[in-house]
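Everything below concerns the one structure shown next.
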Amino acid sequence: MVPGDPLESTCRHASLAADPNSNNFHLYTIVIGSQTLHATGYAMGIAKDGADSAVIAYFGDGASSQGDVAESFTFSAVYNAPVVFFCQNNQWAISEPTEKQTRVPLYQRAQGYGFPGVRVDGNDVLACLAVTKWALERARRGEGPTLVEAFTYRMGAHTTSDDPTKYRADEEREAWEAKDPILRLRTYLEASNHADEGFFAELEVESEALGRRVREVVRAMPDPDHFAIFENVYADGHALVDEERAQFAAYQASFTTEPDGGSAAGQGGN
C-alpha cells in the first residue's frame, strides 16, 4: 500500500475500534439487543446538551424480543429521545419464525409505548432511505423516537453452522429471490436512464479491486493491543477493571511462561 492511501487510513482507524467519540458510530455488539439501550442513553444525552442530532440503532426481529429493546422503547418514549429504532425483520431469528415471537406486526409494538411505528419494504433501497430520512428529521425536530420495521428476508444461513433447509421451504426462498433489492435498484436506474450497462460493468471492476485492497490491508495489520479492551470502560478508572486487567495479564503470561519460570513456547503440548 502507498503511504497516505485513503483506504489504508480507513482500515487503520478501524483497527483502533472506531472511536465513537470521533466517528459518532458504535461497532456492532454480539449481545443481542443491548445496542438499543446504548443508543437511547446517548440520544437522551445529546438532547440534554441541546445538540441538533439524532441517533439510529439497528437490530433484527430476534433482538426485538429481548428485554433490552423493551426498556429502550420505554425510556426513549418517556424522555422523548431523538432516536430511530431500525428493525430488519428478515422473518427468521435463526430457525424461529416471527409469528413465534409476536402476535402483531413488529412496527405496531411502538403504539404501546406512545411513539409511531412504520413498516417499509426492506427490499426497496430507496424506500428504506426515504423512511430513514423522515424518521431522523422527525427526531431532530424534537418529536421523539420512531420504530422502522424493514420487512425483508434472509436468503442464506444465519451462521456457518446453520442449515436453513431444515426449517424453510425452497418455494419461500425462491419467491423472495425475485425481490432482490440490488436487482430492483439496478432495474430502476437503468429504466430511468440514471445508469447503463457500462456503468455497472465499471462498478463491478471497481468493487472487486476494492475488495482485494481491503483484504490486503487487513491481513497486513499488526495484532491489536490485547489490553485496549480495559480502556475507556469508566471515565475515571475502576478497581474491578484493574483487577480484571491483572487477571488477564496473568492469563496471557501463562502461554509463554511455565510455573518454574521457564518458557512454555515450543513445548508441543496438546
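The backbone N or O of Gln35 lies less than 3.5 Å from no partner atom in the side chain of Asp68, so there is not a single donor-acceptor pair. At least one donor-acceptor pair closer than 3.5 Å links the side chain of Ser72 to the backbone N or O of Thr36. Between the side chain of Asp61 and the backbone N or O of Thr98, no donor-acceptor pair lies under 3.5 Å.
Other members of the cluster containing Phe75 are Met44, Val78, Tyr79, with ILVMFWY side chains joined at under 4.5 Å, either directly or via other members. Hydrophobic clustering, defined by side-chain heavy atoms of Ile, Leu, Val, Met, Phe, Trp and Tyr closer than 4.5 Å, leaves Leu129 isolated from every other such residue. Taking Ile, Leu, Val, Met, Phe, Trp and Tyr as hydrophobic and joining them when side-chain heavy atoms fall under 4.5 Å apart, one finds Phe200 in a cluster with Val125, Leu126, Leu185, Tyr188, Leu189, Phe199, Leu203. In the hydrophobic clustering (ILVMFWY side chains linked at under 4.5 Å, chained through shared members), Trp176 is joined by Trp92, Phe151, Tyr153, Met155, Tyr167.
Arg154 places a side-chain heavy atom less than 4.5 Å from the side chain of Arg168. Side-chain atoms of Phe230 and Glu244, non-hydrogen and from C-beta on, do get closer than 4.5 Å to each other. Side-chain contact between Val233 and His238: absent, with no pair of heavy atoms (C-beta onward) separated by less than 4.5 Å.
In this structure, Glu174 places its CD atom where more than 12 heavy-atom neighbours from other residues, nucleotides or ligands lie under 6.0 Å away. Atom CD of Gln247 has more than 12 neighbouring heavy atoms from other residues, nucleotides or ligands inside a 6.0 Å radius. No more than 12 heavy-atom neighbours from other residues, nucleotides or ligands sit within 6.0 angstrom of CD1 on Ile182.
Rounded to the nearest 0.5 angstrom, Leu210 CG and Arg215 CZ are separated by 9.0 Å. Going from atom CZ of Arg245 over to atom CD1 of Ile229 covers 9.5 Å, rounded to the nearest 0.5 Å. Rounding to the nearest 0.5 angstrom, the gap separating the CG atom in Leu147 from the CD atom in Glu149 is 7.0 Å.
Partners of Glu243 under the salt bridge (Lys or Arg N to Asp or Glu O under 4.0 Å) rule, at least two apart in sequence or in another chain, do not exist in this structure. Considering only residues two or more places apart in sequence or on other chains, Ser161 meets the side-chain hydrogen bond (donor to acceptor under 3.5 Å, both in side chains) condition with Thr159. For the side-chain contact (heavy atoms from CB on, under 4.5 Å) test, no residue two or more places apart in sequence or in another chain qualifies with Ala175. Not a single salt bridge (Lys or Arg N to Asp or Glu O under 4.0 Å) links Asp163 to another residue, sequence neighbours left out.
Applying the side-chain hydrogen bond (donor to acceptor under 3.5 Å, both in side chains) test to every pair with at least one member in residues 219-229, sequence neighbours left out, gives these pairs: His226-Gln252. The stretch residues 102-114 participates, sequence neighbours left out, in these side-chain hydrogen bond (donor to acceptor under 3.5 Å, both in side chains) pairs: Ser64-Arg109. Among residue pairs with one or both ends in residues 43-54, none qualify as side-chain hydrogen bond (donor to acceptor under 3.5 Å, both in side chains); sequence neighbours excluded. For residues 128-143, the pairs satisfying side-chain hydrogen bond (donor to acceptor under 3.5 Å, both in side chains) are Arg138-Thr146, Arg141-Glu143, with sequence neighbours left out.
In summary, Arg173 and Glu177 engage in a salt bridge, as defined by a charged side-chain N under 4.0 Å from a carboxylate O.
No hydrogens or angles considered: nothing links the side chains of Asn90 and Thr152 as a donor-acceptor pair under 3.5 Å.
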Using the side-chain contact (heavy atoms from CB on, under 4.5 Å) rule, take Ile32 and Phe59 through it: C-alpha gap first, then chi angles, then the decisive distance, then the call. CA-CA 8 Å; Ile32 306 301; Phe59 56 99; over 6 Å; no
The test is side-chain contact (heavy atoms from CB on, under 4.5 Å); show your working for Tyr58 and Ile56 and say whether it passes. CA-CA 7 Å; Tyr58 294 94; Ile56 186 166; 3.4 Å; yes
